[in-house]
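Everything below concerns the one structure shown next.
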Amino acid sequence: MDRLVIDDLSSIDQVAKKFLDATEGVRLFAFNGQMGAGKTTFICALCRVLGVDDEVSSPTFTIVNEYVASDGREICHFDFYRIESLAEAMDIGLEEYLYSDKICFMEWSENVEQLLPPETLKVDITITADGVRELSF
């Protein structure tokens, strides 16, 4: 298991770059962590490092936001916090995204875990007592 540490927000883009280097070739990412752990903030950093020009924000109410990286790859950012059933996830076309060639960053993935392919990389974000964020994957 790999582990990265985000000491503060000034280092988040550097950690995002290290994370992308360490997970090269992975397309499906399931981010887990308590409310306020920094899932959205880290995904925003990943998108910056990938060269997304659009403003990246939480898809809490839209469930999915789509972006394009500087190299043309498509990125989907999901927030499954409000998903109440697997059927609801299917209704938004989740399987089409999962089995496409798009990069998928998924928050609150535990709400759709049964639908995720085995190759999905699980990423846990925890907050230490001193406020440091630790990523385990």
Practice task
Could you grab the distance from atom CZ of Phe80 to atom CZ of Phe31, nearest 0.5 Å is fine?
Solution key: 12.5 Å
Exercise for the section: Report yes if some heavy atom in the side chain of Asp124 is under 4.5 Å from a heavy atom in the side chain of Glu134; otherwise report no. Expected result: no
Problem - Between Phe19 and Phe137, ring centroids under 6.0 Å - result: yes
Exercise for the section: Report yes if the side chains of Leu116 and Ser109 come closer than 4.5 Å at any heavy-atom pair, otherwise no. Expected result: yes
Handout entry: Tyr97 side chain to Glu74 side chain, donor-acceptor N/O pair below 3.5 angstrom
Key = no
Practice task
Run the numbers on Thr41 and Leu9 for side-chain contact (heavy atoms from CB on, under 4.5 Å), then give the verdict.
Solution key: CA-CA 9 Å; Thr41 302; Leu9 283 177; 3.8 Å; yes
Exercise for the section: Indicate whether any N or O donor in one side chain lies under 3.5 Å from an N or O acceptor in the other, for Ser136 and Asp2. Expected result: no
Fill in the blank from the handout: Taken to the nearest 0.5 Å, the spacing of Ile83 CD1 from Glu110 CD works out to 12.5 Å
Practice task
Indicate the atoms forming the closest heavy-atom contact of Ser57 with Asn65, along with that distance.
Solution key: O-ND2, 3.0 Å
Exercise for the section: Only one of Val15, Leu50, Val26 passes side chain to side chain contact (heavy atoms under 4.5 Å, CB included) with Leu20; say which it is. Expected result: Leu50
Practice task
Quick one: do Trp108 and Tyr81 satisfy ring-ring contact (aromatic ring centres under 6.0 Å, His included)? Show the steps, please.
Solution key: CA-CA 5 Å; Trp108 298 100; Tyr81 181 75; 5.0 Å; yes
Handout entry: Side-chain heavy atoms of Thr23 within contact of Leu121, under 4.5 Å
Key = yes
Completion exercise
Heavy atoms of Arg133 and Gly131 approach each other most closely as NH1-O, 3.0 Å
Exercise for the section: State the SG-OH distance between Cys104 and Tyr99, to the nearest 0.5 angstrom. Expected result: 11.0 Å
Practice task
Decide whether Thr60 and Asp79 meet the rule of one side-chain donor and one side-chain acceptor closer than 3.5 Å.
Solution key: yes
Exercise for the section: Say whether Thr40 and Glu107, considering side chains only, have a donor N or O and an acceptor N or O under 3.5 Å apart. Expected result: yes
Practice task
Please report the shortest heavy-atom distance between Asp54 and Tyr67, naming the atom on each side.
Solution key: CB-CD2, 4.1 Å
Handout entry: Leu28 side, atom CG; Met106 side, atom CE - distance, nearest 0.5 Å
Key = 5.0 Å
Practice task
Following the transitive rule for hydrophobic clusters with a side-chain heavy-atom cut-off under 4.5 Å over Ile, Leu, Val, Met, Phe, Trp and Tyr, establish whether Phe42 and Val123 coincide in one cluster.
Solution key: yes
Practice task
Look at Lys102 together with Glu66 and state whether they make a salt bridge at an N to O cut-off of under 4.0 Å.
Solution key: yes
Exercise for the section: Might you point out which heavy atoms bring Leu115 and Leu98 nearest each other, and give the distance in Å? Expected result: O-CD1, 3.6 Å
Handout entry: Residues Asp21, Lys17: salt bridge by 4.0 Å N-O rule
Key = yes
Handout entry: Any Cys44 side-chain heavy atom under 4.5 Å of Arg48 side chain
Key = yes
Practice task
Give the cluster check for Ile92 versus Leu86: same hydrophobic cluster or not, with ILVMFWY residues linked at side-chain heavy-atom distances below 4.5 Å.
Solution key: yes
Problem - Sub-4.5 Å side-chain heavy-atom contact between Val68 and Arg73 - result: no
Practice task
Report yes if some heavy atom in the side chain of Gln34 is under 4.5 Å from a heavy atom in the side chain of Ile127; otherwise report no.
Solution key: yes
Fill in the blank from the handout: The reported gap from CD1 in Ile125 to CG in Leu135 (rounded to nearest 0.5 angstrom) is 4.5 Å
Problem - Value rounded to 0.5 Å, distance of CG in Leu46 from CD1 in Ile103 - result: 9.5 Å
Practice task
Using modelled atom types only, decide if a donor and an acceptor are shared between the side chain of Asn111 and the backbone of Arg82 within a distance under 3.5 Å.
Solution key: no
Practice task
Kindly check if the number of other-residue, nucleotide or ligand heavy atoms within 6.0 Å of CG (Asp7) is above 12?
Solution key: yes
Problem - Atom CD of Gln114: over 12 foreign heavy atoms under 6.0 Å - result: no
Exercise for the section: Determine, for Asp101 against Arg27, whether the closest basic-nitrogen to carboxylate-oxygen distance falls under 4.0 angstrom. Expected result: no
